[in-house]
Amino acid sequence: MQILSLLQERFSHALDGWVENPEQYKQQVVEARDARHGDYQANLAMSLKNVLSKNPREIAQELVERVELDDICLQPEIAGPGFINLRLKDEFLAEQVAKLAVDPRLTVSEATDSKTFVIDYSSPNVAKPMHVGHIRTTVIGDALARILRFLGHDVIADNHLGDWGTQFGMIIYGYRNFRDDAAFEQQPVAELSRIYRTVQAIVGYQAALPKLPEAEVKLAEAQETLAVVEASPDEDAKQQKKKLKAAKRSVRSVEDSISGLNSKIQAVASAPELLKLAEGHPEIEKRSQLETAKMHAGDAANLELWEKFVPISMEEIDSAYRRLGVEFDYTYGESFYHPMLSGVVERLKDSGLAREDKGAICVFLDEFETPMIIQKSDGAFLYSTTDLATIEYRMEHFKPDAILYVVDHRQGEHFEKLFVAARKMGYRDVELQHVSFGTVLGEDGTPFKTRSGTVMGLDLLLDEAVQAAHAVVCDEERLEKGGLAELSKEETLRIAETVGIGAIKYADLSHNRTSDYKFNIKEMVQLAGETGAYLQYMYARTCSIIARSETNLSMETVGGFEIYLAEQAERDLVLKLLQFEDVLLNTVEEYYPSVLTAYIYSLAKQFALFFDQCPVLKAETRELKESRLALCFATQQVLKQGLELLGIGVVPRM
RNA sequence: GCGUCCGUGGCGCAACUGGAUAGCGCAUCGGUCUUCGGAACCGAGGGUUGCAGGUUCGAAUCCUGCCGGGCGUGCCA
């Protein structure tokens with residue numbers, strides 16, 4: 001049910017033959033922010049003031065006379081400078097919610113202009129452990145895929161794996177030199193990730209070691225500069241402030257980098273075995289890069305190892321996806337596009353878009369100072385090259401109307417360049433969108449790490465959330481009070497899993513995707529406030545009351561229950577339910593899942609209010625009881641569907 | 001330096017893309033009900049939306065300039 005566009009159309013019609021392009025004004029019909037102004041409000045009279053050279057209140061008056069709303073609304077009211085306040089008729093609400101309750105699609109229509117979306121999300125690096133940074137892209141991308149599909153679009157979920165990068169050189173080198181055969185035999189995934197971490201630690205150590213003295217010199221310089229600025233202030237107070245701040249900032253930044261270097265050095269220096277390896281394998285980074293280059297060049301031995309490692313690492317990645325309930329249609333990694341790269345570069349050179357500069361092949365774009373480099377001076381290709389090849393491939397094979405890249409905001413400039421270049425290559429009729437998102441931060445406001453400073457593996461993170469959920473939700477006293485004492489251990493574990501994973505997802509999705517957010521498991525699994533658990537609980541409550549009613553309520557039977565809107569809380573709940581489709585459309589307008597989370601939360605709140613104020617099983621009359629049960633049922637369906645579109649599961653009891 | 005995003009009650013975030021008295025959740029304080037599973041409901045305090053101008057009927061939102069911060073910035077992804 002699209003209430004908003006229904007109202008907008010009516011107003012647009014009312015303007016036909018009165019103003020030019022009536023369509024452009026209809027978006028000024030919006031949901032009322034304040035309930036005292038009705039359910040919806042039309043704000044167009046004010047902006048038509050100059051167009052019609054008339055007093056806005058007069059315009060509003062005339063609009064009200066022209067607009068055809070009798071079947072939907074009560075008599076519109078004009079307020080303030082020319083606001084038109086609209087209030088839906090109760091009969092209309094009751095009629096529509098009755099339709100919603102018996103419809104598996106909850107009266108959400110399938111798009112008439114169905115489009116094909118390619119959504120590029122998750123994209124972990126094979127052979128590197130997944131961590132908290134992969135949650136956002138995976139969860140946001142998955143939610144968008146689910147919502148767009150539900151709205152009737154064709155969605156191609158493509159996991160653009162990093163399976164061809166420098167990390168392979170590192171594990172190839174590490175595998176040859178550091179592997180523990182018995183461990184690899186028994187637990188290849190764990191052993192591979194141990195090998196990767198070992199090489200990475202040594203790389204970090206060896207790179208940091210020579211940089212430390214330089215950094216200390218820099219620190220001394222920066223401190224001296226600061227001292228000079230402090231000692232001999234600029235006469236201009238403003239200049240002085242600026243200089244002081246710049247000097248302090250540079251001290252701080254050098255200090256930061258020194259502490260970074262120190263921690264990398266410490267990580268190896270404090271572990272004798274590692275230190276020994278580091279000394280026995282000088283220049284390990286260079287050696288690893290060499291292995292990568294050999295692999296790219298087609299070296300049989302290295303490719304054989306690549307073939308061996310990829311499935312092992314995918315096992316781990318897939319298990320994380322299973323747990324998160326995320327699926328892809330395609331998993332074309334970088335390696336898939338590798339054979340196409342030289343062709344891309346050749347075509348760009350031939351068409352004059354790319355040329356050589358300082359040994360590298362570059363695409364210069366007017367909009368940017370720095371070029372997009374597509375081939376390094378040593379002949380290697382870059383991620384720009386792969387991304388261009390990927391666009392070519394997708395355009396040819398999927399013919400999408402839109403390609404969405406769910407990637408963090410730091411790559412913003414890369415995508416801007418990529419899109420400009422793609423346009424120049426002739427791909428003009430496709431929406432290219434960088435659905436960017438902010439960083440996941442730890443308690444201290446810096447990118448999320450464990451106490452020891454390393455990034456925490458995703459599986460451990462999920463375990464922690466599930467444990468926290470179990471502690472809160474499956475507390476014995478609580479279960480006792482809720483009449484759930486007989487739940488088996490298996491059931492409580494399953495509930496904790498659903499709640500824990502849902503908590504992480506909800507916390508992520510409910511934050512505006514463009515901003516950073518602090519990752520705090522304890523807050524996420526809270527039962528009070530705006531959390532996934534609260535929503536799941538409200539769903540369970542709808543289940544509980546319906547079960548108690550012993551009415552065998554279902555989509556087939558609920559149609560027989562007539563709806564009465566006796567109380568304000570009922571009416572508000574119904575209006576909320578009917579706004580589901582408008583919210584979904586709004587959610588994909590700019591690809592903000594938080595629009596949907598905010599709606600589901602407000603629906604749950606509204607249900608809680610209704611539940612508090614309107615007795616259901618103890619309703620005064622049988623008709624009222626049935627009506628309210630039908631509202632519980634409709635709420636249950638919308639909550640379930642809404643959460644499902646976010647990738648969040650529900651349980652009937654918790 | 002340049003580019004880009006951001007600054008909203010103590011904290012974490014909204015505000016339907018320019019609408020009416022800026023909302024919500026934590027936290028704090030008070031109240032309701034002998035519960036349809038208190039994870040409930042109602043109420044209170046707390047804000048000059050970083051600052052200063054401008055645009056107009058109207059600005060948290062648009063423009064300009066400051067102040068403060070994140071991120072990016074030619075051969076990593």
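By the rule that a glycosidic angle within 90° of 0 means syn, B/U17 counts as syn.
Nucleic acid contact class of A/E530 (heavy atoms, under 4.0 Å, all strands): sugar-phosphate only. Within 4.0 Å (heavy atoms only), A/L609 reaches sugar-phosphate atoms of the nucleic acid but no base atom. Within the 4.0 angstrom heavy-atom criterion, base atoms lie near A/M654. Counting non-hydrogen atoms under 4.0 angstrom, A/V616 reaches a base of the nucleic acid. Using a 4.0 Å heavy-atom cutoff across all strands shown, A/K605 reaches sugar-phosphate atoms only and no base atom.
In this pair, A/F415 and A/Y405 present their aromatic rings tilted. The plane angle is within the 30 to 60° band. Ring pair A/H414/A/Y383 is parallel by interplanar angle, where below 30° counts as parallel and above 60° as perpendicular. The aromatic rings of A/W164 and A/H296 sit parallel, their planes meeting at an angle under 30°, below the 60° perpendicular limit. Between A/F336 and A/Y332, the two ring planes are parallel [angle under 30°; tilted spans 30° to 60°].
Remark: B/C24 base-pairs with B/G12. Criterion, Watson-Crick or G-U wobble with two distances under 3.5 Å. Figure legend. B/G65 is base-paired to B/C51; pairs are counted as Watson-Crick or G-U wobble with both atom distances under 3.5 Å. B/G72: Watson-Crick or G-U partner is B/C2, with both key distances under 3.5 Å. When Watson-Crick and G-U wobble pairs are counted only if both distances are under 3.5 Å, B/U56 pairs with no nucleotide at all.
Nucleotides B/A15 and B/G53 are separated by 25 Å at their C1' atoms, to the nearest Å. Taking atom C1' on both B/U8 and B/U34, the two are 44 Å apart, rounded to the nearest angstrom. Of the C1' atoms belonging to B/G10 and B/C29, the separation is 15 Å, rounded to the nearest Å. Separating the C1' atom of B/A77 from that of B/C67 is a span of 35 Å, rounded to the nearest Å. As rounded to the nearest Å, B/G69 and B/C51 have C1' atoms that lie 15 Å from one another. Rounded to whole Å, the separation between the P atoms of B/C13 and B/G74 comes to 30 Å. Rounded to whole Å, the C1' atom of B/U4 lies 39 Å from the corresponding atom of B/G45. Comparing B/U61 with B/C2, their P atoms are spaced 24 Å from each other, to the whole Å.
Contact annotation: the side chain of A/E291 never approaches that of A/F168 to less than 4.5 Å [non-hydrogen atoms, C-beta and beyond].
Stacking of A/F83 onto the six-membered ring of B/A20 is present: less than 5.5 angstrom between centres, less than 30° between planes.
Listed nucleotides B/G74, B/A20, B/A77 differ in distance to A/Q41; the shortest reach to its side chain belongs to B/A20. Each of B/G70, B/A20, B/G74 was ranked by its minimum atom distance to the side chain of A/N85; first place goes to B/A20. The listed nucleotides are B/G72, B/C36, B/A20; the one nearest the side chain of A/H37 is B/A20. Taking the side chain of A/H409 as heavy atoms from C-beta on, and the options B/A77, B/C71, B/A14, the nearest nucleotide is B/C71. Out of B/C24, B/G74, B/A14, the shortest distance to the side chain of A/C362 is found at B/G74. In this structure, the nucleotide among B/A40, B/G37, B/C71 sitting nearest to the side chain of A/A608 is B/A40. Nearest nucleotide to the A/P81 side chain, out of B/C16, B/C57, B/C36: B/C57. In the set B/G74, B/U17, B/C71, the nucleotide with an atom closest to the side chain of A/V30 is B/U17. The listed nucleotides are B/C36, B/G70, B/G37; the one nearest the side chain of A/S544 is B/G37.
Not one N or O on the side chain of A/Y25 forms a donor-acceptor pair closer than 3.5 Å with the backbone of A/A45. At distances below 3.5 Å, not a single donor-acceptor pair connects side-chain atoms of A/S436 with backbone N or O atoms of A/H409.
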